[in-house]
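When reading the values below, keep in mind they use all heavy atoms of this one structure, side chains included, and skip hydrogens, waters and symmetry mates.
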Amino acid sequence: MQIIDGKKISAEIKLEIAEEVKQILTKSGKRPHLTAILIGNDGASETYVAHKVKACEQVGFESTLIRYDYTISEEDLLDKIRQINKDDNIDGLIVQLPVPEHISEQKIIETIAPEKDVDGFHPVNVGRMTIGLPAYVSATPNGILELFKRYKIDTEGKHCVVVGRSNIVGKPMSILMSQKDYPGNATVTVCHSRTKNIGEICKQADILIVALGKPGFIKADMVKEGAVVIDVGTSRIKSDKTKSGWKLKGDVDFEQVAPKCSYITPVPGGVGPMTIVSLLKNTLKSAKKEI
Ligand code: NAP
């Protein structure tokens, strides 16, 4: 059993990106620039955005954090997005989700210009990814593909079971794993809350990718001996062992499941750090006008 070290791989990729930033800076005098919009002060969103801003600093990107009170109107927010779309100095724009209920998430996603949509949520990017054209691919699935590549995990002809069908993880992940390329060429099954016999289906997986947000949901009897298990889940649970009073827990019962796996990602330190470097990579692509 090998633990997939997302923290180590992400640190390596950050060094690679920092090297490219130096070259871009010498050539053009401009650093890649990511702008993040944060609305309100939800604890988890604050943490995610802080990590993204810190990662930008680490690789030499310029970053701008725009904060709004949760009372901001939808129209004011959309106006700001349209303004950033036209700003040649900004390469990538993300709006930290979730947004307050009076704002339509879908309108925000569709207002961000596809060429600055480094989260890869715009229908144009999702569509292009689906038919195999160059696109900004959603950060978490892209980070998982990168882990497969770096650990040289074989995916061809494997049965890949994806648990969860969200637009940001499960759905794009299932499409990418079925693409005619490496890492892909897998036979994919998607499970969700209406799936019957989910344990039996998971047990058939050579590669099991879990993104449902139910801590410890995947137990040892749902996993085949020798499977590759990728745990996307990050739920905050109470803990009296940490200063903050909470800790992150994955969707997989790691203690029980790990001994059965050929590879497994831990939580934290598996998929999470890869998500952030995927965002950096997309911003770099935008700065280089690669897509
Ligand atoms: P989401 O939008 O919360 O959707 C959850 C999915 O799981 C849905 O498709 C749902 O089915 C399915 N589901 C829920 N309960 C289920 C059950 N009992 N059996 C089978 N399927 C069930 O998902 P998400 O945004 O992808 O997030 C999933 C988890 O990943 C969360 O813990 C989130 O925090 C984490 N996450 C981590 C990262 C990272 O960087 N590490 C990035 C993104 C998300 P229905 O469609 O039928 O409702």
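- Within 6.0 Å of NE2 on His159 lie more than 12 heavy atoms contributed by other residues, nucleotides or ligands.
- Judged by distance alone, the side chain of Asp117 and the main-chain N or O of Ile112 form no donor-acceptor pair under 3.5 Å.
- Residues Met129 and Pro172 come closest through the heavy atom pair CE-CB, 3.7 Å.
- Considering all non-hydrogen atoms of both residues, Glu62 and Asn89 come closest at OE2-ND2, 4.1 Å.
- Within 6.0 Å of NZ in Lys54 there are 12 or fewer heavy atoms belonging to other residues, nucleotides or ligands.
- Under a cut-off of 6.0 angstrom, the local environment of CD in Gln106 is crowded, with over 12 non-hydrogen atoms contributed by other residues, nucleotides or ligands.
- Within 6.0 Å of the CG atom in Asp88, the count of heavy atoms belonging to other residues, nucleotides or ligands does not exceed 12.
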Working note: Ile17 + Phe61, criterion side-chain contact (heavy atoms from CB on, under 4.5 Å); need CA distance, chi angles, decisive distance, verdict. CA-CA 10 Å; Ile17 296 174; Phe61 283 7; 3.9 Å; yes
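- Summarising the geometry of Ile72 relative to Ile103, their closest heavy-atom pair is O-CD1, 3.7 Å, with the distance given to 0.1 Å.
- In this structure a side-chain-to-backbone donor-acceptor pair under 3.5 Å is present from Thr155 to Gly184.
- Closest of all the heavy-atom pairs between Ser63 and Val53 is OG-CG1, 3.7 Å.
- The environment of CD in Glu255 is sparse: at most 12 heavy-atom neighbours from other residues, nucleotides or ligands sit within 6.0 Å.
- When all heavy atoms of Gly213 and Asp251 are compared, the closest pair comes out as N-OD2, 2.9 Å.
- Counting only heavy atoms from C-beta outward, the side chains of Val232 and Thr140 approach each other to under 4.5 Å.
- Between Asp253 and Lys219, at least one side-chain nitrogen of the basic residue sits less than 4.0 Å from a carboxylate oxygen of the acidic one, meeting the salt-bridge criterion.
- Screening Leu93, Val49, Leu65, Ile94 against Ile37 for a side chain to side chain contact (heavy atoms under 4.5 Å, CB included) leaves a single residue, Leu93.
- Looking only at side-chain heavy atoms (C-beta outward), Ser73 and Asp76 come within less than 4.5 Å of each other.
- Side chains of Thr47 and Arg236: a donor on one and an acceptor on the other come within 3.5 Å.
- Just one residue in the list Ile207, Thr265, Val252 forms a side chain to side chain contact (heavy atoms under 4.5 Å, CB included) with Val229, and that residue is Val252.
- Here the rule is salt bridge (Lys or Arg N to Asp or Glu O under 4.0 Å) with Asp91, and of Lys288, Lys30, Lys285, Lys116 only Lys30 fits it.
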What's the verdict on side-chain contact (heavy atoms from CB on, under 4.5 Å) for Phe121 and Val126, showing C-alpha distance, side-chain angles and the deciding distance? CA-CA 6 Å; Phe121 296 163; Val126 178; 5.8 Å; no
Mind running salt bridge (Lys or Arg N to Asp or Glu O under 4.0 Å) on Lys203 and Glu225 for me, showing each step along the way? CA-CA 9 Å; Lys203 200 156 188 183; Glu225 201 67 49; over 6 Å; no
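- In plain terms, the two heavy atoms of Asp231 and Val271 that are nearest each other are O-CG2, 3.6 Å.
- Heavy-atom contacts from other residues, nucleotides or ligands closer than 6.0 Å to OH of Tyr70 number 12 or fewer.
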Would you list the atom pairs, donor with acceptor, under 3.5 Å between side chains in residues 38-46 and any protein atom, with sequence neighbours excluded?
{"unit_1": "Asp42", "atom_1": "OD2", "unit_2": "Ala44", "atom_2": "N", "d": "3.4"}
{"unit_1": "Asp42", "atom_1": "OD2", "unit_2": "Ser45", "atom_2": "N", "d": "3.0"}
{"unit_1": "Asp42", "atom_1": "OD2", "unit_2": "Ser45", "atom_2": "OG", "d": "3.1"}
{"unit_1": "Glu46", "atom_1": "OE1", "unit_2": "Arg67", "atom_2": "NH1", "d": "3.4"}
{"unit_1": "Glu46", "atom_1": "OE1", "unit_2": "Arg67", "atom_2": "NH2", "d": "3.1"}
{"unit_1": "Glu46", "atom_1": "OE2", "unit_2": "Arg67", "atom_2": "NH2", "d": "2.5"}

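- With respect to the salt-bridge test (charged N to carboxylate O, under 4.0 angstrom), the residues Arg31 and Glu20 do not qualify.
- Within a 6.0 Å radius of NZ in Lys247, other residues, nucleotides and ligands contribute 12 heavy atoms or fewer.
- Side chains of Gln23 and Glu19: a donor-acceptor N/O pair is absent below 3.5 angstrom, by distance only.
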